[in-house]
Novice: 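Input: one structure, supplied below.
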Protein chains: 2
Amino acid sequence: MDTAKNMEGVAIDPTTILKNCGLKRTLGRVKILDILIELDRPITGKELLNRLGTDAVDPASVYRTLNVFFDLEVVHKIEGADNINRYALNRGEDMHPHFTCRTCGKMECLTMTTFPHIDIDSMEEGYLVERESISLVGLCPRCRL
Amino acid sequence: MDTAKNMEGVAIDPTTILKNCGLKRTLGRVKILDILIELDRPITGKELLNRLGTDAVDPASVYRTLNVFFDLEVVHKIEGADNINRYALNRGEDMHPHFTCRTCGKMECLTMTTFPHIDIDSMEEGYLVERESISLVGLCPRCRL
DNA sequence: ATTTTTCTTGCAATCAAGTTGCATTTGCAT
DNA sequence: ATGCAAATGCAACTTGATTGCAAGAAAAAT
């Protein structure tokens, strides 16, 4: 079985990721990366903690790790649906909107949807736009009954 | 001097607003509406409390009031830039993106910018989209140095 | 292989935004 | 004027997340 690769054809396994950004390979970080690699949608710190389950990593360490990963661009941080941060592995994908179900709280990446172009030039002079995000909220098929 | 009007030509003063939605005209609500009417950008509960200043309204009451206003569509609630809710008077405007300065935290409405159309049909069947928001984050001219 | 250095973690305390329960007060219809 | 539903203030609490610090684990140096 092949190792997963990202869009640039780079292998994505915890050890390689950690080595590539000069972080020590600790059990907690590996477990967190295992979960994020497995998943194709952004999850909250809470869900991550739940998934880590019994062999718990301390919440403080989880949040610290996520922030380190975010600073090193190992993960994306998605804010905005319900004021809870969600994290997803940075696979080098294009920017895309996210859909969050109001009931079950699951967030999904709308990778099939083209990211609409915002006419930034029509903004007043002098603004520097660093991040753009589009967020849809509603009901997913399962929660819609 | 004329009283301010919204897009439907309805006068927007605290007393009228409160009467129109069957809420009691209390001092706190009037003060909050005064501030929101005056402002053309969404503000946080914190900023609202600061502006209420010395003649303080209790934080719990402010947040309760904002929620009541939101439920009655008197105000918009904008989430997403930094996981802090911001509120702006509902003037019946079209949906528009918001820009938040990473440094000073001020949010502005990008009313001059057309709201890009998201191709919701390209989403899988069964989703119900209730809200859509577009959020830009960066530096405003003042904070850009 | 062992020591040393540096980085990480766990734990507990803390923070900030926001909510809730409840007794008291206030607006307003009568 | 007065009676009652609605709103407020206060304090306690919730939740997501951060921080200080002592103890522990990786990687580097010997």
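Order of the sequence lines fixes the chain letters, A, B, ..., with proteins taken first and strands second; residue numbering starts at 1 for each chain. Heavy-atom basis, side chains included; hydrogens, waters and symmetry copies ignored.
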Novice: Classify B/Val68 by what it touches in the nucleic acid, base, sugar-phosphate, or nothing, heavy-atom distance under 4.0 Å.
Specialist: nothing

Novice: Whether B/Glu108 and B/Arg142 form a salt bridge (side-chain N of Lys/Arg under 4.0 Å from carboxylate O of Asp/Glu) is what I want to check.
Specialist: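 Looking at B/Arg142 and B/Glu108, the cut-off is met.
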
Novice: Could you tell me how far apart B/Lys19 (NZ) and C/dG27 (P) are, to the nearest whole angstrom?
Specialist: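 Interatomic distance, NZ of B/Lys19 to P of C/dG27: 14 Å.
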
Novice: Taking 4.0 Å as the cut-off, does a side-chain nitrogen or oxygen of B/Arg25 come that near to OP1 or OP2 on C/dC28?
Specialist: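 For B/Arg25, the contact criterion (side-chain N or O under 4.0 Å from OP1 or OP2 of C/dC28) is not met.
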
Novice: Within the structure shown, what part of the strands sits under 4.0 Å from A/Asn67 by heavy-atom distance: base, sugar-phosphate, or nothing?
Specialist: sugar-phosphate

Novice: Between C1' on C/dA17 and CG on B/Asn83, what's the gap in Å once rounded to a whole number?
Specialist: 10 Å

Novice: Could you tell me how far apart B/Leu66 (CG) and D/dT8 (C1') are, to the nearest whole angstrom?
Specialist: 15 Å

Novice: So what does B/Leu23 touch, heavy atoms closer than 4.0 Å: a base, only the sugar-phosphate, or nothing?
Specialist: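 The residue B/Leu23 makes sugar-phosphate contact but no base contact.
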
Novice: Could you check how far OH of A/Tyr63 sits from C1' of D/dT15, rounded to whole Å?
Specialist: 9 Å

Novice: Distance check needed: D/dG24 C1' versus A/Arg29 CZ, whole Å only.
Specialist: 14 Å

Novice: So, does the side chain of B/Lys24 form a donor-acceptor pair with the base of D/dA5 at under 3.5 Å?
Specialist: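 Donor-acceptor pair under 3.5 Å: yes.
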
Novice: With nearest nucleotide decided by heavy atoms, which residue, B/Ala56 or A/Ser61, maps closer to the 5′ end of DNA chain D?
Specialist: B/Ala56

Novice: Check whether any side-chain nitrogen or oxygen of A/Thr26 sits under 4.0 Å from OP1 or OP2 of D/dA25, and answer yes or no.
Specialist: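 Negative; the distance criterion is not met.
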
Novice: Return whichever of A/Asp58 or B/Thr44 has its heavy-atom-nearest nucleotide of DNA chain C closer to the 5' end.
Specialist: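 Going by which nucleotide is closer to the 5' end, it is A/Asp58.
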
Novice: Distance only, no hydrogens: is a donor on one side chain within 3.5 Å (strictly under) of an acceptor on the other, for A/Thr44 and A/Arg86?
Specialist: no

Novice: Measure distances between side-chain N and O atoms of A/Arg64 and base N and O atoms of C/dG10, and say whether any donor-acceptor pair falls under 3.5 Å.
Specialist: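 Flag set: donor-acceptor pair detected.
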
Novice: To the nearest Å, how far apart are A/Leu49 CG and C/dG10 P?
Specialist: 11 Å

Novice: Within this structure, what is the CD1-OH distance for the pair B/Ile32 and B/Tyr87, rounded to the nearest 0.5 Å?
Specialist: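 If we round to the nearest 0.5 Å, B/Ile32:CD1 and B/Tyr87:OH are 11.0 Å apart.
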
Novice: Is it true that the side chains of A/Thr65 and A/Arg29 contain a donor and an acceptor less than 3.5 Å apart?
Specialist: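 No donor-acceptor contact under 3.5 Å links the two side chains.
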
Novice: Could you check how far CG of A/Leu27 sits from P of D/dA26, rounded to whole Å?
Specialist: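 To the nearest whole Å, that distance equals 8 Å.
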
Novice: Quick one: does A/Arg41's side chain have a donor or acceptor within less than 3.5 Å of a partner on A/Ala88's backbone?
Specialist: no

Novice: Which whole-number value in Å describes the distance from B/Glu47 CD to C/dA16 C1'?
Specialist: 17 Å

